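Below: one structure, written as structure tokens.
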Amino acid sequence: HFLCLCVGVYYRKTLPAPMISRCDYSVWGILKKCIGMELSKITMPIVLNEPLSFLQRMSEYMEHTHLIHKACTLSDSIDRMQVVAAFAVSSVASQWDRTGKPFNPLLGETYELTREDEGYRLISEQVSHHPPISAFHAQSLKQEFEFHGSIYPKLKFWGKSVEAEPKGTMTLELLKRKEAFTWTNPLCCVHNIIMGKLWIEQYGTVEIVNHHTGDRCVLNFKPCGMFGKELHKNRVMKCMYSVAPKVYEANKKKAEKGDAKKNKPEQSAGKQETEDMPGVQETVSVITGSALLWRITPRPAHSEEMYNFTGFTITLNELEPGMERLLAPTDCRLRPDIRAMENGDLASVEKDRLEEKQRAARKECSKDEEEWSTRWFRLGTNPHTGAQDWLYTGGYFDRNYTDCPNLY
Ligand code: CLR
């Protein structure tokens with residue numbers, strides 16, 4: 001009668017080896033010739049990498065799947081929009097301090113993420129090499145939602161920084177409501193590539209459209225401005241609240257009155273600073289009557305020695321016993337270079353990279369790439385936006401992988 005069954009899945013909590021430090025390597029030596037070039041044409045020093053494929057990095061959206069589940073339960077469309085906005089924001093916040101460059105996926109590479117405990121499964125595929133395009137499709141195990149999209153990370157090397165423009169649309173479909181939301185991702189810039197402390201900045205406008213109701217939600221991510229260098233630490237996104245416009249206006253008026261009375265010392269010292277960087281605050285003042293939509297999950301202990309990964313990220317490249325038999329042979333968990341980096345073996349990564357280059361050169365000669373047809377996705381029309389998009393053709397989970405290419 002007192003039998004206790006613990007049904008659960010245990011995922012790893014740390015990486016197998018400590019992170020490879022970039023201090024010992026001269027990045028400048030390699031990069032000084034490359035200013036202004038498109039990043040895909042530059043071989044970046046491997047110490048700037050993180051032991052993940054871009055397909056895995058893209059899957060990090062799924063860390064916040066609970067928000068989609070929540071959206072499915074809400075009966076009011078404005079409430080649903082708020083939670084979908086929180087979902088989009090939470091993925092931006094996950095990127096904080098994540099300055100490592102994920103490995104470029106090989107053409108035909110896939111990544112599967114099945115999380116029965118979270119009620120979803122995801123499949124992604126590298127569908128194009130030049131330009132690099134990654135497509136993904138996630139579905140809930142109870143047919144409640146589908147979340148899909150494709151990303152072409154257009155990278156520009158500016159000397160001191162690398163700017164990424166993630167081209168492609170995200171589509172979230174709440175199946176029971178026949179409702180679809182779409183949006184695009186903000187821009188992303190990694191600073192101090194050559195020297196100094198690496199830091200990441202995300203900026204731009206994200207417009208979420210509910211195609212069923214016509215509702216639109218506009219999120220504005222502000223760039224750090226010229227004082228960002230010193231102050232970017234204060235801009236970590238920590239939480240997101242919603243408040244009724246009337247309550248907000250009333251509170252703003254009250255605050256303005258209060259401010260006029262107070263004699264704030266920092267106002268004279270740094271007017272420019274506050275103008276350039278709205279939101280430079282250590283703490284967020286919460287308006288009474290507002291509701292918490294999302295709060296950041298703290299990074300795990302020693303995250304800074306693990307490429308600043310979140311707890312979720314740490315699990316993404318885990319190869320559990322028995323998994324090898326199940327996975328498609330193209331799954332990036334089977335990539336030897338990423339595995340070597342994860343294990344702290346930089347020499348092997350370099351060796352693999354050389355071999356890969358030679359293989360790629362051979363491929364280019366035989367024009368293999370032109371004949372390449374994608375396995376799990378096809379180019380079609382997104383029914384909600386009417387734009388060209390990569391759509392899942394289905395069947396991955398039937399687990400018939402006989403005609404998959406041999407990549408590794
Ligand atoms: C952010 C979340 C978006 C999709 C997306 C697209 C491009 C990605 C970006 C994310 C994260 C940061 C990123 C970028 C491409 C290049 C850049 C991985 C996942 C890295 C950090 C650039 C590193 C440059 C090195 C030379 C340091 O939904």
Side-chain angles (χ1 to χ4, degrees), residues 19-23 25-32 34-64 84-85 87-105 111 122 124 126 131-136 138 147-172 182-206 208 219 221 237 307-310 312-313 316 338 341:
M19 179 176 154
I20 298 160
S21 160
R22 61 193 288 275
C23 299
Y25 302 88
S26 165
V27 174
W28 178 237
I30 306 170
L31 293 183
K32 62 184 172 202
C34 309
I35 293 165
M37 272 167 74
E38 164 119 25
L39 205 69
S40 62
K41 303 204 169 68
I42 307 170
T43 311
M44 279 284 168
I46 209 82
V47 281
L48 293 178
N49 277 37
E50 62 178 12
L52 285 182
S53 162
F54 186 77
L55 295 181
Q56 292 165 314
R57 179 89 174 244
M58 199 174 60
S59 311
E60 291 189 35
Y61 256 111
M62 302 315 285
E63 177 165 0
H64 312 281
V84 173
F87 178 69
V89 166
S90 63
S91 79
V92 173
S94 293
Q95 300 299 326
W96 191 256
D97 266 346
R98 294 285 305 285
T99 51
K101 183 183 180 297
F103 284 67
N104 290 331
Y111 180 63
L122 169 144
S124 54
Q126 189 69 5
I133 303 174
S134 317
F136 70 92
F147 176 49
H148 56 96
S150 64
I151 295 180
Y152 157 32
K154 199 170 180 202
L155 303 186
K156 262 261 149 70
F157 180 49
W158 290 113
K160 284 160 87 178
S161 61
V162 168
E163 189 183 55
E165 184 191 346
K167 290 180 175 280
T169 306
M170 309 290 110
T171 302
L172 173 65
T182 62
W183 68 93
T184 54
N185 293 308
L187 288 125
C188 164
C189 191
V190 175
H191 296 271
N192 294 340
I193 303 289
I194 310 290
M195 57 182 134
K197 195 180 170 357
L198 284 168
W199 65 280
I200 197 166
E201 176 182 28
Q202 283 165 286
Y203 47 90
T205 307
V206 173
I208 308 172
L219 301 167
F221 295 90
M237 247 179 286
Y307 310 89
N308 290 319
F309 282 4
T310 69
F312 181 79
T313 316
L316 291 179
I338 298 180
M341 182 170 197

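Heavy atoms only: backbone and side chains are in, while hydrogens, waters and symmetry mates are out. Small disclaimer: the values here were computed from a predicted structure and weren't measured. All residue numbers refer to positions in the sequence shown, counting from 1. As the structure lists them, so they are numbered: ligands from 1, and atoms in each ligand from 1.
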Ignoring hydrogens, what is the shortest heavy-atom contact between R98 and R57? Give both atom names and the distance.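 Residues R98 and R57, closest heavy atoms: O-NH2, 3.0 Å.
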
Of all heavy-atom pairs between F221 and Q202, which one has the smallest distance, and what is that distance? CB-O, 3.8 Å

Which class fits the ring pair F147 and W183: parallel under 30°, tilted 30 to 60°, perpendicular over 60°?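 The arrangement is parallel - the two ring planes meet at less than 30°.
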
Taking the six-membered ring for Trp, are W199 and H191 parallel (under 30°), tilted (30 to 60°) or perpendicular (over 60°)?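 Parallel.
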
Using a strict 4.0 Å cut-off to heavy atoms of [X], name the atoms of ligand 1 that fall inside it.
X    : answer
C188 : 12 (C)
L48  : 26 (C)
I151 : 4 (C)
A164 : 14 (C), 15 (C)
T99  : 27 (C)
F54  : 6 (C), 7 (C), 8 (C)
L155 : 15 (C), 16 (C)
I193 : 27 (C)

The one among [options] that brings a heavy atom closest to [atom]:
atom                    : options             : result
atom 21 (C) of ligand 1 : G168, G100, P132    : G100
atom 23 (C) of ligand 1 : M170, H191, K101    : K101
atom 5 (C) of ligand 1  : P166, S161, P102    : P166
atom 19 (C) of ligand 1 : R57, K167, R98, E50 : R57

Dump the intermediate steps for side chain to side chain donor-acceptor pair (under 3.5 Å) on S94 and S91, then the final yes or no. CA-CA 5 Å; S94 293; S91 79; over 6 Å; no

Would you please determine whether Y61 falls within less than 4.0 Å of ligand 1 on a heavy-atom basis? yes

Is it true that S91 lies under 4.0 Å from ligand 1, counting heavy atoms only? no

Please confirm whether the backbone N or O of [Y] pairs with a side-chain atom of [X], one donor and one acceptor, at under 3.5 Å?
X    : Y    : value
Q95  : V92  : no
Y203 : C189 : no
D97  : N308 : no

For K154, check salt bridge (charged side-chain N to carboxylate O under 4.0 Å, His left out) against everything at least two apart and list the hits. none

Below 3.5 Å, N or O to N or O, backbone or side chain included: is there any such pair between N185 and ligand 1? yes

Evaluate side chain to side chain contact (heavy atoms under 4.5 Å, CB included) for L172 paired with Y61, printing each intermediate quantity in order. CA-CA 12 Å; L172 173 65; Y61 256 111; over 6 Å; no

At a non-hydrogen distance cut-off of under 4.0 Å, which region of L198 contacts ligand 1 (side chain, backbone, both, or neither)? neither

